[in-house]
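Please read the structure below before turning to the comments.
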Amino acid sequence: MATDPNADREVAPNFITQHIDQDLKAGRFDTVVTRFPPEPNGYLHIGHATAICLDFGVANDYQGETNLRFDDTNPTTEDPRFVDAIEQDVAWLGFSWKRKRFASDYFETLFGLAVRLIEMGDAYVDDRSLEEIRETRGTVTTPGVASAARDRSVEENLTLFHKMRAGEFPDGSHVLRAKIDLASPNMIMRDPVLYRIRRAHHYRTGDAWPIYPLYDFAHPLSDALEGVTHSLCTLEFENNREIYDWLVARLFDPPRPRQIEFARLNLAHTVVSKRQLLRLVEDGHVRGWDDPRMPTLAALRRRGIRPSAVREFARRVGITKTNASTPVELLDSAVRDDLNEVAPRTMAVLDPIPLRFEGPAPAATLEASLWPHDVPMEGSRSLSMGDRLWVERDDVAVDAPKGWKRLAPGAVVRLRHGPLVRCTDVEVRDDRVEGVTVEVVPEAEGKPQGVIHWVDHATGIPAVFHLVNPLFQDAQPDLSQPLGELINPDSLQVRSGFVEPYAAVQDADVRFQFERQGYFWKDPGAPEGDLVFVRIVTLKDGWQKRTRQVEPVRTQPKPKKTPQASDFVDRTPDMVASLTPEARKRFEALQAEGLDDADAVRLAGDDQLAGWVQDAVAAGLPAALAANWLLNELPRVQQGRPLGELAWDSGTFTNLLKLLHEDRVTAAAARQMLGVLVDDPQDPAVLMQDLGLEKLGDDAALKAWVTEVLAEHPDRVEAFKGGKTGLRGFFVGQVMQRSQGRADAKRVGELVDEALAS
RNA sequence: UGGCCCGUCGUCUAAUGGCAGGACAACCGGUUUUGGUCCGGUCGGUCGGGGUUCGAAUCCCUGCGGGCCAGCCA
C-alpha cells in the first residue's frame with residue numbers, strides 16, 4: 001500500500017522547502033520565520049489563500065512561525081476596514097499568526113535606516129520632477145543619465161531629507177533615491193526611489209508623516225527587523241530581489257532574510273487581481289465583494305465552501321515557478337471531497353412540476369436515511385408523501401433519448417425512498433413539460449430504470465435557489481474587452497422551488513446535499529426570513545456531460561512538430577566573428593590544441609577558462625578533456641557562481657583530470673570529487689583515497705553485483721524482458737550505487753546486458 | 001529590443017544524472033434506491049535541434065514559445 005510520505009506535512013516538498021532545507025543544513029538559519037504581507041487595500045482572494053497556506057504551512061512544518069504584516073506604506077489607497085477583513089479571512093482559513101505587525105509600526109526605524117544609508121553615501125535626495133526622473137531613467141536598452149543631485153554631499157542630503165520629513169517641501173518635489181547604478185540592466189536598480197513626499201492622512205499614523213517609504217525599501221527592511229528568514233512572494237517580484245538583497249546587505253548583519261518567488265495562482269474562468277475584482281464590484285457586475293460568484297475568500301465563505309476545502313485545493317495545486325492556469329474543476333473536486341462525508345442527503349426540487357398518482361396514492365410517512373450506504377454516518381428524518389408531489393421538470397421526457405433513466409411514458413422509476421412508479425401520462429404545453437401522471441407498481445415488477453427525487457406538495461416548503469456558475473465565459477478572459485461582454489450571463493441562476501421540511505429547519509451552517517443536484521446551504525447573505533439556498537458546488541453529472549452541447553475535449557496525440565529551419569542554426573560562426581582581437585588569439589590557440597570551434601569559441605571568451613585549458617594541456621592532458629569538464633561538468637556544481645568565486649585553482653583541476661585520464665577513477669567518481677574540490681581544494685589523489693573512490697578493476701566483483709541486483713528484482717527483470725528497456729538504467733544504477741561510483745559504468749552496462757540476454 | 005524567470009499527459013504537478021509517476025478532466029466497466037460516492041481499468045506527456053555521459057526531463061549550447069521589469073503602486 002503506497003501511503004503518502006508527506007501526509008504529516010501541510011505543504012508537500014517543493015523548491016522552496018528545498019531551499020529551506022539547504023539553508024538549515026548550511027547553518028544559515030536555525031529556525032524558519034515567514035510572513036504574510038497583504039496591503040490593506042482590498043479583500044483577499046483564492047490566490048492569496050494559496051500564498052497563506054504556503055507561508056503559514058511551511059512555518060508550521062518547520063516548527064517556525066509566521067507574522068501577519070500589513071504593508072501599509074501607501075496611505076492614499078489603504079483602509080482599516082480591510083485590515084479587519086483580512087484578519088478574519090486568515091483566521092477563517094485556520095491559521096494563527098505569531099505577531100501582528102504593520103509596516104507603519106516601523107516608520108521611525110525605517111527613517112533611521114534611510115538616514116544611515118545616506119550617511120554611507122548610498123542614497124541621495126533628488127529634487128527633480130516625476131517626469132524628469134522618468135525620462136532620465138533610460139529604457140531597457142539605453143542606460144539612464146545622472147542628475148546633479150546624485151553628487152550631493154552627505155551633509156546636504158541629510159539636511160534635505162530631514163526637511164522632507166519636517167514637511168518643508170510640497171508633495172512630489174523631492175524623493176530619496178538609492179545610489180546604485182543608472183546603467184543597470186535591471187531597471188529596478190537604476191537608483192530606485194525609497195521615500196516620497198505625500199501629505200496624506202494615514203489610517204494608523206494619522207498626520208505624523210509627510211513622507212512615506214516605498215515597498216522596495218520598507219518590505220525587505222521590515223522582514224529583516226522581524227527576523228524573517230524566508231520571504232516568500234510571487235514571481236512579479238523577481239526583479240525586486242536585487243534591491244531587497246542590496247538593502248539588507250547594507251543595513252543588517254547575518255542572518256539576513258532571503259526572498260524566494262513562486263508563481264501566483266491563476267484560476268480559469270475568473271480573475272484573481274484586486275484591481276479587476278474592484279472593477280467587478282464598482283461597475284455592478286456582481287453584488288459585492290462577497291457575491292458568491294467572486295473568487296474572494298469572503299465570497300467562498302458565503303458560498304459555503306469550507307476552509308478545509310480551500311486548504312486541500314492549495315495542496316493539490318502545489319507550488320512552482322511555472323506560470324500556469326488552474327482549472328476550476330480542481331477546486332470543485334476539492335470542495336466535493338470535503339463535503340461528501342459531512343453533508344446530509346435531502347431533497348429539493350429546483351424547477352418543479354406536479355406529479356399526480358393515477359389510482360391509489362401511496363400516502364405514507366417514510367423514515368428516510370440522511371446518509372447513503374457508503375458514508376459512515378447515522379441519522380434519518382421522516383418524509384411524508386401525499387397524493388401530489390413536486391418533481392424536477394428535467395426528470396420527465398416525452399421522447400426518452402437513448403440511455404434515459406428518468407420518467408417518460410411507460411418508464412418505471414423509483415421515487416427516492418419511496419415506491420416504484422410507472423409513467424402513464426406527460427402533460428405538455430408549448431413544448432414544455434408541465435406535469436406528469438404515474439401509477440404505483442409493485443416492487444416485484446421489474447427493475448426501475450432509475451431513481452428520481454421529489455418533494456411532497458402538502459408539506460414541501462417554498463425556497464429560492466441561487467445557482468452559482470463560473471463568472472467568466474472564457475477560461476482566460478481577455479480583460480482588455482469590456483467586462484460586460486465577458487461575464488457569463490448564467491453566472492447566477494435563480495430558481496424557485498421546494499425543499500423538504502428537514503432542510504428548512506436545520507442550523508444555518510449545515511451543508512446539505514440535495515440529491516442529484518449538488519451541495520447547498522442557506523445563503524447567509526439572504527434577507528432575514530427569506531429561505532434562500534446557494535449552491536456550493538454541483539455534483540459530478542455523468543448525464544449532463546454526455547448530453548451537453550460543447551464537444552468534450554478529445555485527448556489526442558499532439559502532432560509531432562516538424563523540425564524548423566531555425567532548429568538547425570549554428571551560432572558558432574557568428575560568435576567567432578564577434579570575438580575581440582584578444583579573444584581571437586585565444587580562440588586560435590585553443591583551435592591549435594585540437595578543440596572544435598564550438599568549444600574553442602566559448603572558452604576563448606573567458607580569459608580564465610582558456611588559461612585553465614592551457615594549463616591542463618601543459619600538464620599533458622588532452623585539450624578536449626579539459627574543455628569538456630570546464631564546459632559541461634563544472635556548471636553543475638558552480639550554481640551560477642563565476643569561476644573566480646570558487647575556492648579551487650587550475651592546479652587542482654588539472655590534478656583531478658589527471659586521475660581521470662590515467663584511469664585511476666571513473667567519471668562518476670570524478671564528478672563526485674569535483675563537487676567537493678571547488679569549495680574545498682585539496683590534492684585530488686588524497687581526496688580519492690579518503691573517499692575510497694579508486695576505480696574498481698575487478699570484473700568478478702562487478703559480475704557478482706550484477707547477479708545480486710538482478711536476483712533481487714525478479715519482477716523488473718521480467719518487465720525488462722517484456723520490453724521495458726528503460727530498466728537497464730535502473731539495473732546499472734543499482735550496481736553503481738553498490739560500488740559507490742567506483743565501478744566502470746560502461747563495463748557494468750555490458751555485464752547487465754550479458755546477464756539479461758541469457 | 002537589454003536583463004531576469006519559466007517550458008513534463010488536455011490541465012495542474014512529481015521524478016534533483018538511473019523504472020517518466022500522481023491528481024483533475026476524459027473514456028470503459030463493477031458496486032449503488034443519487035447519472036453522486038467508492039473500486040478496477042483505458043487513453044495520454046518531457047517545446048524543437050545539437051552536445052556531454054555507459055545512461056539526460058534533469059547538465060551544456062542554441063532556436064522557439066510564454067511571463068516580468070522603464071510607478072513617487074504593492
Side-chain angles (χ1 to χ4, degrees), chain A residues 12 18 37 39 41 71 73-74 77 130 133-134 137-142 144 171-172 175 184-188 190 193 195-198 214-215 219 235-240 242 261 263 268 316-318 320-327 329-330 333 336 340-341 345 372-375 403 405-406 414 416-418 448 450-453 513 515-517 539-546 552-558 561 563-564 566-571 598 602 628 631-633 635-636 667-668 671 716 719 724 726-734 736-737 744-750:
Chain A
Q18 282 171 21
E39 187 190 10
N41 67 347
D71 260 349
T73 55
N74 185 0
T77 58
L130 193 149
I133 289 178
R134 179 179 303 153
R137 184 148 28 220
T139 69
V140 290
T141 49
T142 57
D171 282 13
V175 289
S184 172
N186 181 355
M187 296 298 294
I188 289 177
R190 317 248 264 225
V193 173
Y195 268 90
R196 78 290 222 186
I197 303 175
R198 186 98 101 216
L214 275 91
Y215 171 87
H219 194 88
L235 247 28
E236 66 265 29
F237 292 101
E238 268 173 331
N239 296 320
N240 303 61
E242 209 175 338
E261 312 86 17
R316 291 185 191 184
V317 174
T320 59
K321 298 190 75 161
T322 317
N323 263 309
S325 177
T326 301
E329 286 86 354
L330 202 60
S333 161
R336 287 187 197 110
N340 180 44
E341 303 225 331
R345 270 50 168 189
H373 63 95
D374 47 69
V375 173
K405 292 172 147 189
R406 314 176 188 183
R414 180 180 299 283
R416 179 67 164 149
H417 299 298
V451 180
I452 66 167
H453 61 274
Q513 187 195 104
E515 292 200 64
R516 307 208 305 133
Q517 297 282 3
L539 255 27
K540 256 177 91 171
D541 188 342
W543 176 252
Q544 200 179 65
K545 231 161 22 197
R546 197 177 305 193
V553 186
R554 292 300 311 168
T555 302
Q556 45 183 264
K558 266 190 266 187
K561 283 187 192 98
Q564 304 291 307
S566 60
D567 292 341
F568 300 99
V569 289
D570 180 6
R571 288 258 161 263
R602 288 178 53 207
N628 182 16
L631 256 20
N632 291 310
E633 299 292 349
R636 184 196 309 268
R671 274 186 212 110
R716 288 186 168 85
K724 196 158 173 152
L727 284 166
R728 183 184 190 272
F730 168 75
F731 296 128
V732 175
Q734 288 291 308
M736 288 306 289
Q737 238 173 54
D744 177 356
K746 196 168 180 180
R747 181 66 191 139
V748 172
E750 288 166 10

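Throughout, protein chains are lettered first and strands after them, A, B, ... in sequence-line order, and every chain is numbered starting at 1.
Counting non-hydrogen atoms under 4.0 angstrom, A:Gln517 reaches nothing in the nucleic acid.
Taking A:Ser325 as the reference, A:Gln476 meet the side-chain hydrogen bond (donor to acceptor under 3.5 Å, both in side chains) condition, with sequence neighbours excluded. Taking A:Arg406 as the reference, A:Asp395 meet the side-chain hydrogen bond (donor to acceptor under 3.5 Å, both in side chains) condition, with sequence neighbours excluded. With sequence neighbours excluded, no residue forms a side-chain hydrogen bond (donor to acceptor under 3.5 Å, both in side chains) with A:Arg134. With sequence neighbours excluded, no residue satisfies side-chain hydrogen bond (donor to acceptor under 3.5 Å, both in side chains) with A:Asn239. For A:Tyr215, the ring pair (Phe, Tyr, Trp, His ring centres under 6.0 Å) partners two or more places apart in sequence, or in a different chain, are A:His219, A:Phe237. Considering only residues two or more places apart in sequence or on other chains, A:Asp374 meets the side-chain contact (heavy atoms from CB on, under 4.5 Å) condition with A:Pro372. For A:Glu633, the side-chain contact (heavy atoms from CB on, under 4.5 Å) partners at least two apart in sequence or on another chain are A:Trp629, A:Arg636, A:Arg671, A:Leu674. A:Tyr195 pairs by the ring pair (Phe, Tyr, Trp, His ring centres under 6.0 Å) definition with A:Phe161, A:Phe217, not counting sequence neighbours.
Side-chain N/O atoms of A:Arg345 and base N/O atoms of B:rU34 include a donor-acceptor pair closer than 3.5 Å.
Glycosidic conformation of B:rG45: anti, with the torsion beyond 90° of 0.
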Review item, nucleotides 53-57 of chain B N/O atoms under 3.5 Å of protein N/O:
from	atom 1	to	atom 2	distance (Å)
B:rG55	O6	A:Arg671	NH1	3.4

Quick one: which protein N/O atoms are closer than 3.5 Å to N/O atoms of nucleotides 38-42 of chain B? Pair and distance per line, please.
none

Q: In sequence, state the C-alpha distance, the side-chain angles, and the governing distance for A:Glu39 and A:Thr77, and then conclude on side-chain hydrogen bond (donor to acceptor under 3.5 Å, both in side chains).
A: CA-CA 9 Å; A:Glu39 187 190 10; A:Thr77 58; 3.2 Å; yes
Q. Just by protein heavy atoms under 4.0 Å, how would nucleotides 68-74 of chain B read 5' to 3' in B, S and -?
A. BSBSBSB
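Although no hydrogens or angles enter the test, the distance criterion places no donor-acceptor pair under 3.5 Å between the side chain of A:Arg516 and the main chain of A:Leu539.
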Q.
Please convert RNA chain B into dot-bracket. A pair counts if it is Watson-Crick or G-U wobble with both distances under 3.5 Å; crossing pairs go in [ ] and bases paired with another strand get |.
A. .((((((..((((....[..)))).(((((.......)))))....(((((..]....))))))))))).....
